[in-house]
Each structure stands twice: as structure tokens, then as C-alpha cells.
Undergrad: 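What follows is a single structure, and I will ask about it in a moment.
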Amino acid sequence: MSAATTSFARRGVLGRLSALAAARETGIFLALVLVLVVTTAKSPSFLFSADGFRDLLLTPSTLVLIAVGQAIVIITRNVDLSVGSIIGLTAYLTGVLFKYNPGLPIPVVMLLAVLFGAGLGLVNGVLVSVAKVPSLVITLGTLYAYRGINVVWTGSNRINASDMPRDFLAIGTAKLWVLPVITLIAVVVLVIAALVLRSSRSGRELYAIGSDPDAAHLYGLKVGRRVLWAFVASGTLAGLAGVLYTARYGTVDSQAGYGLELQAVGAAVIGGVAIFGGSGSVGGAALGAVLLLTINRALPVLGIPDFWQGAVVGVLIIAAIILDRLLALRQARKLTVMEDSAA
Amino acid sequence: ASTGDSGSGDGSKNYQITFLPKNLGNAYFDTSDAGGEKAIKEFKGTYAEVGPAKASPDAQVSYINTLTQKQVGAIVMSANDQKAPCDAIKQARDAGVKVVTFDSDTSADCRDLFINQATAEGIAKVQVDLITKEIGDSGEIAVLSAAANATNQNAWIDLMKKDLEANHPNVKLVDVVYGDDDDQTSFDKTAGLLQSHPNLKGIVSPTTVGIAAAARYLSTSSFKGQVKLTGLGTPNQMREYVTDGTVEEFALWNPGDLGYLAAYAAKALIDGDITGKEGDSFKAGDLGEYKVGKDGTVLLGDPFVFNKDNIGDFKF
Amino acid sequence: MPPAAPATGSTPSAGAPSGAAASTAPAAPSAPAALELRDISKAFGQVIALRSGTLRLESGSIHALIGENGAGKSTLVKIIAGLYQRDAGEFLLGGESVDFRSTAESKAAGIAVIYQEPTLFPDLSVTENIFMGRQPLKGLRRIDRAAMREQALGLFQRLGVRIHPDRPARGLSIADQQIIEIAKAISLDARVLVMDEPTAALSGVEVDRLFAVARALRDEGRALLFISHRFDEVFALCDTVTVMRDGAYIATQPIAETDTAKLVRQMVGRDVAELFPKQEAVIGDELLRVEGLTSPLFADVDLSVRSGEIVGLAGLVGAGRSEVVRAVFGVDRYDSGTVTVEGRALAPHDPTAAMRAGLALVPEDRRAQGLVLGTTVARNLTMAIRSKLTKAGILTRAAENQAARVWASRLEVKSSALDAEVGTFSGGNQQKVVLAKWLATNPKVLIVDEPTRGIDVGTKSEVHRLLSELAGQGLGILMISSELPEVLGMADRVIVMREGRVTAELSRADANPESVMSAATGAGAAA
Amino acid sequence: MSTTASAAGSTGETRAYRDYGRPLWRRVLLSREAAVIALLILVWIVGYTQVPHFAAPITLTFLLQDMAPVLLIALPMTLIIITGEIDLSVASVMGLSSALIGILTQQGWAFGAAFLVALIVGLVAGLVNGVLVTVVGLPSLAVTIGTLALYRGIAQGLLGSKAITDFPSEWTSLATGNIPGTPLPIVTVLIVVLALVFGLLLHFTPFGRGVYAIGLSADAAAFSGVRITRTKIILFALAGLVSAVAGAYYTLRFGSARGDNATGLELSVVAAVLLGGVSIFGGRGALPGVLAGALLIGAIASALRLAGITSDVINVVTGVLLVLSVVIAGLLGKLRFRRLRIVKS
Ligand SMILES: Nc1ncnc2c1ncn2[C@@H]1O[C@H](COP(=O)(O)OP(=O)(O)OP(=O)(O)O)[C@@H](O)[C@H]1O
Ligand SMILES: Nc1ncnc2c1ncn2[C@@H]1O[C@H](COP(=O)(O)OP(=O)(O)OP(=O)(O)O)[C@@H](O)[C@H]1O
Ligand SMILES: [Mg+2]
Ligand SMILES: [Mg+2]
């Protein structure tokens, strides 16, 4: 019986390395590297021109933000289909605030827009957790409602680059050393989210809730409150993405962010976040977002016409979930073997 | 029990004219529809504008249906698809509603009149002329278009290809990409173009959304001034980039005039002055006299080239 | 449910339980109890789950709570846990009145609960499962994984089990899941530990280990509440026993002052004459034959069942018995071997074919496998015969109700309307629905997997009488049971499995506790 | 509670079990379907009396034409959602069907033959979804987000920037014409026939019982001999097939085959199904509610458009209705629970 302790001894350095190699995220990272290598071999400027490198980092940044938010929500066995619409509303709010209140300092406007996103997320969260209604239905509803409100509010209006301060638009392209500022923001958000989800009690509770909500309730976890906060987080990140969207693209009409929700879910799924909650990481989701958009940009370089991009993305998503399934089966088998040998 | 509607007139003419742009929130259509409104005010009609939020091919159909039911005098629309709205338009015309297309046409047999902003040849030629002049008549160029299915875009691109082959053997059109008249997509597609084609010397974007997005990308990138950009744009959107040197020259007709002309054409149809057959002529307010050409088409005029020197004169 | 026979114990009527309870409750000692419930009531809609829940747990003592299915035991537990809020009554903890709004509050007050349903998070490691919400922390309030893992290993060692601390809870056997629940409760270091049927899925060895831990905790001065349907366990472990019936408190007595017969009387309100009334039946032709059945979970399983015969399939939990019958019935795949029914080979992995051939399987997990919870009694009763009820391919509600009425009455299912949801039924009543559903298919061979697990003595003997009658009518019955008395009492022949293999086949005469257990544990035999 | 005497012992005699625990009016009037149908009638009455031109029969024509693809696809989607799965790829299958019909007719195929090929491809697309979900065992939400991109990508890849617009008028008139003498478009016949077929299948066959059982408890269904894999594959294949039909209808109605036809329609279908009272968790819902849900969305949209309100407001209305319908249903459930408890105690 004393053998139990030793046979399940902690992994050494080698063990950790092999665990890293087996991690789901590593696979996506390698796929990303592969895409980069192949594409750059074909056209060196894909990576090695100043703009190529910048766009590699810059293009996926907004998607990374909402993919991280989406991952947090999906981990709790929910889904937030309204993020695209939240981006639309917060982007427009950003523009409107600048256009009609030229005196407002830039950080205040940004903060207000992010808070607005958080508020929209809060609405989702309250409906889901207080009314105890499935999130797919609720956020499908708010996807429509938020976008509809946006269209009504915007009308045929439109925010142009000239309506906004140059300093704000500069955020869209500014760099800190070699890193675009927007990318830096995305990375900081990602690191914080990853730390919280991995190493804080409340972060782990999100996994527990997603793994089995009924058990979590019996266990005494504050399921409603945690789920609520997950939606607020998703809304906040979508709000931030909306602000950065405005800074980067300079023009906002009523369709900003349209259809991004499925891309965000797709990115999370490609990144190994299980659609039924309980497993996956925000890092994986972020990598999924980068891979998705990098492939999008790589295809034309590789000579595949624009039109086939959707098909490639589809294959990628399906391949990713099949891979997850295979990995899960393998892990189950390995564990049985381990326990047998320990016994 | 429908309540009686004003103007669905027995005695007086039914001057209820509704503009149906490809989508709302598009600066180009804001300008053209404003031109239409101005014309309609002049002849004391009722102006309205409805439209979908997103420019999808089927989205205009239910609007046409509704306008048919409401018995408006005329619909003035820019079609999202050459064929998709035709059946609805036919129903509208059967119900006595006149249908004028502008900017982007449907099949000639389904509408009454098409107000052509410029001939396709003229538009293709002015853009080819501008870009070949700017890049010194040799090297690689690419096209950033709107939706892959946009009728007018594709017609122009075909003509440009022919013109290039015939008259500019050293200029090679290496790629056509589609920004879907979406700002973000166009922006990203520009970035993609520059990477896929390191030797690219020029981009032509025959769409106002595309050229503005491309100009914005170029203006903050290292390609500014290196890669030439021209196409069809509006002065308001392009002013900044012409001033900072990203773009030297671009072309467009005056969309306000286009809407203005379309509204008068609709009035002429309602009045019964014209029926849309070749040779009909009508008076379009300040713009003067216009003649209906082949296939029920009315031509606005030649495209206008904007540059640093004249852009200050335009406010749309 | 009016009592059918005169009761010997106190028989409080449902209307006035409190007075009766007071008369039989032990005199209040001077020191406050660790936990005390007085006249707790709780209703769910129209269902009154609890009328007068009364219970007094002393520190340093193990208290048993017994009662028929639906007596309200689990409801009482969930009120203690703060999962449900009582409608009326008093709840004292250490002499002070408490009012838990959530399970977190009861946990904070030092109450650990093992629920009847496992509450694990399948995607998380077993270590995280044990420490969820109170993981050891290091700097910056980060979780200290190393420390957490060490503590988990310590707990496993104390419980004497080998489970990899990093493995996810998904795929754990029911027994292992229960062990994790126990580890979780122990790690809480609570003053009061409540266990709702923790042994239902455990084997003898595991039960012994659990008991050792429970006694150690008692000796440390904690109060334990133990719920079980197994009297032997109650007598082996507990100091005091409280009986409930119909949501009401019946009696509390020291374990030494009572016996099984008395407890049964108190539970059902009448004498239960015979628990295992197997009648003689004519053993006829062979109906089911399984040869060389092999899968990753079992190997070379041979068995046969004849008409009129009850074959007991005995073994420890985890021996793979359920897996064998699931494969036989076609729910699971198997790698090799044959299943023949009345001489005809059965297509593998096709329950429909098995049903057509005359097999019926009453699975071990009633709520998840036996019944479609969330739909009506009628739909459940006719689920397996729905194709036979059609006219020209069309199935109507009238046809369903017609058939359901017949079978519900034949098994005396307690329900007033046919569109009542089975999820609201008590365990025994649910088991009757499952049995009826399968008898409706008019099977030749009835396979029952733990047919009386977790159901009360009254219903239990009804089930036994039914099985016996069916055998008498010429059915072949294959009965998996982990309860030795049940196997020995009911079976004409006993097949014993261990670690996926058949280790013995014993005639009724040869089957006794020693012979079955030695074949099941491998003791005495060359392993 | 039960007052039936527990006559212990003799089997054989039939006990008195009532068919229903609640009176008819409560079962019917308190159901989700009844609420949706009532709302539909209400909208119709308001439209009829308050909105100019709404009373015209042509409103119904346009409404049915607009909603036909949603109504058609909602039928198999209802069954799929009742099994606890979902199919988000339906609109992409429509696009694929449209693109194929376009390409093939352009290459000189007869329309009928091209239509048949589109149907087969739709069926295969559905089968692929079904196999990935059942045999490979992947979650349908993720799978069909993948095939949503994949099928749409193939459609756009095949057709590129082209829009093919020449279709024989005898076919297009099928999609645009009315049943002679009525304001009902011809496609109504297809909708009614398929609605009857799917209604029978779901509510009056053993297969339908299996569909509900799978959604409520897949395990218990498997143990009762419900062929889960087969059932789900059939349903996904049917969804593919019906989507292909809807794609053909769409192509003919607009006379235009394009790769991007019907983009985003999947969400409208799901919204209609959920609004109609089907539980996203499976096991609950009925077809009449779904049909009413789809018609409700259509009726509100046309009333708004006729009232001169930009029909994008319909998005707000659809969204809010969807949210309200589930929230109110949830709250009502809680309330009923509480009331019963008060009565008892
Ligand atoms: N959430 C609930 N909703 C409705 N009725 C319930 C609920 N929980 C329990 N009941 C009912 O309350 C009664 C008591 O149930 P409880 O689970 O407490 O019994 P038990 O004594 O634990 O039985 P078992 O021995 O089968 O575990 C039963 O009739 C049961 O159907
Ligand atoms: N989901 C699972 N995944 C992997 N192994 C499992 C799973 N379920 C059971 N097992 C293993 O299969 C074997 C048989 O399990 P099971 O508990 O069903 O046996 P049994 O003899 O049928 O017991 P019972 O008395 O509960 O019917 C055990 O080794 C168990 O660990
Ligand atoms: Mg219980
Ligand atoms: Mg078992």
C-alpha cells in the first residue's frame, strides 16, 4: 500500500517535457508554425517584411480577445453567440462618443465602451443564470436583439476615420518596440485570463461547473454567480475588441463585427476547448484564433483562391474535434495502464 | 381593412418614390439618395428610403414586395443581384409601380429604366488609364473588388483586363480579391495582396468602400507611396489620403447627380412622358435633357477624375 | 398507503406524527446534540417528501437512518446540507438554530455530505475533485498543486486505494467514484459527516475499509449519519438507529436494543413474512446459451439459462457481470464468442434483435438506463413494445394507454394517472415500471441486473415473489446480485465471476456463502 | 395523490388508471405551443386591423414565400433538436445545392437532373454530419459549425464570383407562382405535405417515440432498443435533403444560383424552432408550435415593414421574443411550483 505514493510520483523534467509535447495546445502551435513555414517559403514577405510580421500579429488580435472570452464561457458549458453583436454596439458607441463629444479624453471613451460591453454581457449573464435558461437560446436572442438595436440606432449613419481623434486611431497601428499595441493588449488579457483559469480557485470552479453543473450545485459552488461573471468577462472582452476594432479600422457602420461569433466559437473549438465545457484553455483558444486567421491570409499566397477559404476552415474545425476525440481516447487508455501498473 | 393612403392617386400623379439602396449606412448611397430626395422635393413628391442592413442578394426582395403592396409610384434601387429581385420587380410593375435601377442594374428586361453612372467602358478605361500612368506603364497590379457577385464590378474588371491586354502589354493583372464592400474585409484583403505579391506596383479598387480601406492600410504601412492606388472613391472618404500622398488620383461620377437623375427618370415614367424605350427623352431638373439609350439605359456622363487640385471643391 | 397488517411498533398516522414522535424520541440529554432536527417538513409541489423529520446526532457516535424508498431520508440529508430549505421545523447545530441557504454554508459550518448521487466533475482530476473550492494556496492566491496532490495521496493511502491522483474522474467505476466522494468528505475534516447510501455500489472489501475509516472518525469524536438499506451493515457499524416511514419519524433506538425483524416492522408497518420466497419450478429446455464471450472487460464467459430456472450471477462489484449481460443483450460490443437463444445465434450489438429473440434486460442503473425520466409512465411502460402497438405504422396515445394500463395494473404500479412523470416516483415504484416494461415484451429470458438495489424491503419481497412466479411460468431468469442472501435464496444455480472470468458454477445445493465468496474473491483457489 | 386502493395480490384485473392527471383545458392551454399559436393569432389580428395593406391576401403570399425555406428546414431541425443535437450547416447545404444546380444547368444539364444531383449531394452532406456525430461521436454543435464553413466554402469555391441566372421559366414559376385561385404560393403544398410527414413521424410512430427518448435519456433509449445511431443519421440526412430542396426553391424563387445564397439562415431556423417551444436540451417540443413560431417571425416582419418600420427592427423583436419566451416559460414553471407548495402547506 505504501507503494501507492511512489508509483504515482510527480513527473520529473523529462516527464514535464513529454506532457508539454502531448498538450493539445502544442499541436495547434505546430500547425501554426507549419502554415507559417510553408507560406513564407513560398513568399518570404509573408513573414519577413515589416508589414507581414505586423499583420501576422495584428490581424488576429481582436479575434483572440473574443475567442478568450468565448473559451471562458464555453468552459462553463455555455456559449455566447452575441459577441459579434456586442462588438458592433461597442464599436459604434466608441465612434459616437468621439463624434459627438469631442472633448472626452480617449481613455474615458475607451473605458465607457468597454463598460458598455460588460453591461451587455451582464444582461446575457443575468438572463442565463437568474432565469436559468440555456445560453444558446438566450445569446441567440441577444445576437438578434443587440444587432437590431445597433441597426436602428445607427440607421444610415456611419462613423468615419475623420470623426475620431488621430491619437486614438494611432492605437490601431502603433507599435511598442516590434509589437503592435493591439497585440500587446490581447496578450496581456490572455495571460491574465490564463492565470485566473489555471491557478485561482474561482477559475477552477469554472471548469468544475462546466464539467457537471448539477454536481457543482450539489457541491455548493456558486454556479449562477460564476456563470454570470463568465458572461460579463465575455462581454467585456467583446467590448474591448469593439474599441480596438474601431481604432484599427477607423470606419464603423451597423454591421461591424457581423458573424464573428461563429469564428470565435470555431477558434475555441480548434484550440481544443470542448464544446460541452469542462476542458480546454484560453491559450488554446487564442492559438486557434491566430491559426484560423493566419490560414485565411496564407491561402491566397499559396495560390488557393479566396473562395475556398471557408472550406479549409471547415476542414480545420472538424479535424480539430476529431483530434480531440482521439486524444481523449488515448488518454483514457493510458490511465488504465498506469493504474494497473501502480496496483 | 386598409386605411386609405395618401397619394395613391386617381386624379393627381402618384409621386411616392422610394429609394432602395443595396444597404443602409453606405456613404455612397447616402449621397445618391440625398440627390434623389432633392429632386423629389423639387417636383413635390414624397421621398422615402428603405433598405436592408446588409447587402445580401435576397434581402431587397421583401422590401420590393412591401412597396408593391403599399402601391408606391416608383422604386429607385441599386440591385444587389442581377436576377434575384427580378420576380419581385415584375410583380411590382404588374401592379403599376415603376422601377428604376441605378448604380447596379438588374437584367434589362425586368426593370423600366437603368440610370448608368457611366458606361462600363468609360469606367474601366479611366481606371486603367490612371493606374498605368501612375506606375509607368509596366509591372504588376491587382484589383480589390466588392462582392464576388457584384454585376457592375465584374463587368468593369473584364473590360479592364481586355484594355490592359490590348493597350498595356507590360502591365500584368496578377490578382482579383473581394472585400465584400465591407470595410474590415477590404482592409485585410489589401494586407493580403501586398504579402502575396511582393512586386505589386499598383492596386485598383473600383468600389468606394474598398479604395478607402486600401488607402487607410497603405497610409500607415511601409508601402505608402510605393504601391499606387486608384479606383472609384468619394472625395470625403479620400480627402485625407489624397492630401497625405497615399493616393494621387481617383475617379467617380457624382453620386448625388446620379440619384437626382434617377428620381427625375422615375417621375417621367410616372407621368407617362417616357416608357423606357430607346429614343425617349425627358428633362431632369438642373441637369437638363436626357435621352434613353439602348436597353432602357440612361447615361449620366463621363467619370470625373479627382486629385489634389480639385478635391477641395467637392463635399460628398 | 394504509397499513395492510397491524403494526407492532408505534404507528403514528400521517396526520399527527409529532405527538407520536415525541413519545418515542429519546429523552433529551443535557449536553446539546451535534446536530438536531425537529419536526422538519418539506414538500415539492404536491409531493410531501417530509412530514416530520426528526433526528438527533451525538458526537462520537454513528447513527443509522433507515426507511423504505421514498421515506424521505435523502430529502432530510439535503436539508441538512442546505441544498433544500425546510418548510417548517427546527434545525439545531451544536444547540444553536441554523438556517442554511446553500451547501456552501453547511460546509462552512462543519457538515460534510456524501450524496446518494455521485457529484464528481468528470473532466477534472480526482485531486481537484477532492479539493474543489478549498485548494491549498501559495503566494498571490495561486493554487499550490504540489501540496494538493500530496494531500490527495495521503487520503488515498488512508483509505487504502490506488487511484492515480492526476487522472480525470471520467471513467472511474461507480465504486471508485464513491471512494472519491468519501475522500472528499473526510478531507473536509467536518464535525458532522452524513453518508447517504455510500455502500450501495461498494464491494465487501471496500465496505470494510470504509467502516474502518468511519469508526476512526467516530473515535475522534465526530458525529456520523449513515443511511443504508442493508441491515447487516447497520448492525455492524452503527450505535443508534432511527427509522422513518412515509416522510415521518417513527422511532430511534440503540442498536443493541433492536433486531432486524423489529426494524422491518417499523419500516413497513407490518410483518414481512419471507424475503426470498423462491418456489419450485419445472426446469425445462435451455433458452439462452453464451459461449466464449470475450471483450476487454471479460473473457471466455460461458453460461446458460433454462426455462423455469433462476440463474444467479454473483461476484464482487467490478467483476464484470453487468458488462457481460450488456454484451449479451447487445448494448455493448464484444470481440468474440456467441450468444444463442433457443438454439439460434443472435446478431451481436443489436438490442432490437435481442428483444425480438426474446431477451429482456432490466439494467442496473434504473434512473439512467431503465427509465426515460422526464416522460410519462405510459410512454415508459410501452417503450420496448412501441413497434408492436402500431396500426399501419401509426402509433397512437390511445393504444399506448391501453397497453400501459394492463401492465401498470399487473405490477401494481402506484400512480393515479398514466401521464404522470416517472421521475417523481419512488425507487421501488420505478423498478416496477421497468419490470413491467420488459415483461410487456413477453420475453423468454429475463435478465435482471441488481433488481433490488436501493429498494426497500417491502418492494423487494414483491420483486422476489414476481421473479419466482415468472420462473414458474416457464421464463428463464438470469439475475445479477451483489447481495449474497438474495442470490442464495433465489437462485437454482449460481455462476460466480471474478475479474471478468467465470470462476465457479454451483448448484443450489452447493451454493453457500463460503463457496460463493471464495470463488468471488479467489481465496483458496489458485489465482 | 393516488387514492387507488392497493389491492394486493391477484394480477390480471385492470386497475383504474386515469389517462391524464390534469384536465384537458389545462394541458392544452398551458402548453408552450398554445402560447405561440395565440401570439401568432394576436399579431395577425393586430396586423389585420391596424396595419394598412396587411389585410390583403398578398401579404400571406409574400409571407409564405419569404418563410418557406425556414418552414421547410425547421421540420427536420425540430426532430434533430429534440434528440438533443443541432445542425447549423443547413443554410450552407442550401448554398451548396444552389451552386450545384447553377453549375450543372449551365453545363447543359436538364434542370430536373441538376435538381436530383443537388438532392443527392444534400443527402450526403447530411449523412456526413450524421456519421461524424454518431459513429465518430463528436458534438453536433462543433461538427456543424465546421461543416457550416466547409459546405459554404465548397459552394463558393465551385461557383467563384459567378451568379448563374438562366433557369427555365416552367421551373421558376413553380417557385414564384400561386396555387390557382388562391393567394397561396405553390410551395405551400410542399410545406403542408412535409409538415404532415414529419408530424406523423414525430408524433405518431415508434420512430418518433425513439426521437423523444434519445433526447431525454440516450442511455435509457439504447437499453430499450432505440437505434440511436441510425435514428440520428436518418435525421441529419433528412435535414440535408430538405435543405437541398430549400436551396433549390431559393434558387428558383430568385432565379439566381450563388454560392452565398441563404447565408445566415440557419440561425433563423433555430430561432423559429426554439420559439416554437422545443427545448434546446432535447426531449421536449412539438411540430405545431414550431410552424407557428416560424409564421410568427414572418408575420411580425411583414407587419413591421408594412407599417413603415424598417424591418431590421424585426431582429430586435425576434431576439426579444426568443429570450422572453424561454424566460417566461422558466419563471412560470417556478411560479407554479411555488403556488402548489403554498396550497399544500
Ligand atoms: N426534487 C423533488 N421533487 C419532487 N419530489 C421529490 C423530490 N425529491 C424527492 N421527492 C419525493 O420525495 C419523497 C422522498 O424522497 P427521498 O429521496 O427523500 O427518499 P429516500 O428515503 O431517500 O429514498 P431512497 O431509499 O430511494 O433513496 C419521494 O416520494 C420522492 O419521489
Ligand atoms: N466507464 C468505465 N470505463 C472503464 N472501465 C469501466 C467502466 N465501468 C466499469 N469499468 C470497469 O469494468 C469492470 C466491471 O465493472 P462493473 O462495476 O460494472 O462490474 P459488475 O460486476 O457488473 O458490478 P456490479 O455488481 O456493479 O454490477 C471493472 O473493472 C470496472 O472498473
Ligand atoms: Mg435516498
Ligand atoms: Mg455492474
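Values below: every heavy atom of this structure, side chains too, minus hydrogens, waters and symmetry copies. Residue numbering restarts at 1 for every chain, and letters A, B, ... go by the order of the sequence lines.
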Undergrad: Contact part of C:N380 toward chain D, heavy-atom cut-off under 4.5 Å: side chain, backbone, both or neither?
TA: neither
Undergrad: List the residues meeting ring pair (Phe, Tyr, Trp, His ring centres under 6.0 Å) with C:W407, not counting sequence neighbours, and say none if there are none.
TA: none
Undergrad: Output the option from D:G283, D:S224, D:S217, D:G210 having the highest count of non-hydrogen pairs under 4.5 Å with chain C.
TA: D:S224
Undergrad: Tell me whether C:Q430 contacts the main-chain N or O of C:F425 through its side chain, where contact means a donor paired with an acceptor under 3.5 Å.
TA: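 Present.
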Undergrad: Go through C:S387, C:A384, C:A420, C:A378 and name the one with the most non-hydrogen pairs under 4.5 angstrom from chain D.
TA: C:S387
Undergrad: So which part of C:L373 gets closer than 4.5 Å to some heavy atom of chain D, the side chain, the backbone, both or neither?
TA: backbone
Undergrad: Can you find a side-chain donor-acceptor pair between C:S322 and C:D449 that sits under 3.5 Å?
TA: yes
Undergrad: Are the side chain of C:D332 and the backbone of C:E323 linked by a donor-acceptor contact shorter than 3.5 Å?
TA: no
Undergrad: If you count heavy-atom pairs under 4.5 Å between each of C:V377, C:T376, C:D419 and chain D, which one has the most?
TA: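 Winner by heavy-atom pair count: C:D419.
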Undergrad: Relative to chain D, which segment of C:E421 carries a heavy atom at a distance below 4.5 Å: side chain, backbone, both, or neither?
TA: side chain
Undergrad: Out of C:T375, C:N401, C:T382, which one racks up the most heavy-atom pairs below 4.5 Å with chain D?
TA: C:N401
Undergrad: Rounded to the nearest 0.5 Å, what separation is found between the CG atom of C:D350 and the CZ atom of C:R356?
TA: 7.0 Å
Undergrad: Under a 4.5 Å heavy-atom cut-off, does chain D meet the side chain of C:R326, its backbone, both or neither?
TA: side chain
Undergrad: Which atoms of C:T390 are under 4.5 Å from chain D, going by heavy atoms: the side chain, the backbone, both sets, or neither?
TA: side chain
Undergrad: Spell out, as yes or no, whether a donor-acceptor pair under 3.5 Å connects the side chain of C:R397 to the backbone of D:F204.
TA: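 A pair under 3.5 Å: no.
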Undergrad: Heavy-atom pairs under 4.5 Å with chain C - which of D:P206, D:A213, D:G208, D:A222 has more of them than the others?
TA: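 Most pairs with chain C among the choices: D:P206.
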Undergrad: Sequence neighbours excluded, which residues qualify as side chain to side chain donor-acceptor pair (under 3.5 Å) partners of C:N429?
TA: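 C:N429 satisfies side chain to side chain donor-acceptor pair (under 3.5 Å) with no other residue.
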Undergrad: For D:Y20, does the OH atom have more than 12 heavy-atom neighbours from other residues, nucleotides or ligands under 6.0 Å away?
TA: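 Result for OH/D:Y20: enclosed.
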Undergrad: With a 4.5 Å cut-off on heavy-atom pairs, point out which of C:R379, C:E400, C:Q369, C:K437 contacts chain D the most.
TA: C:Q369
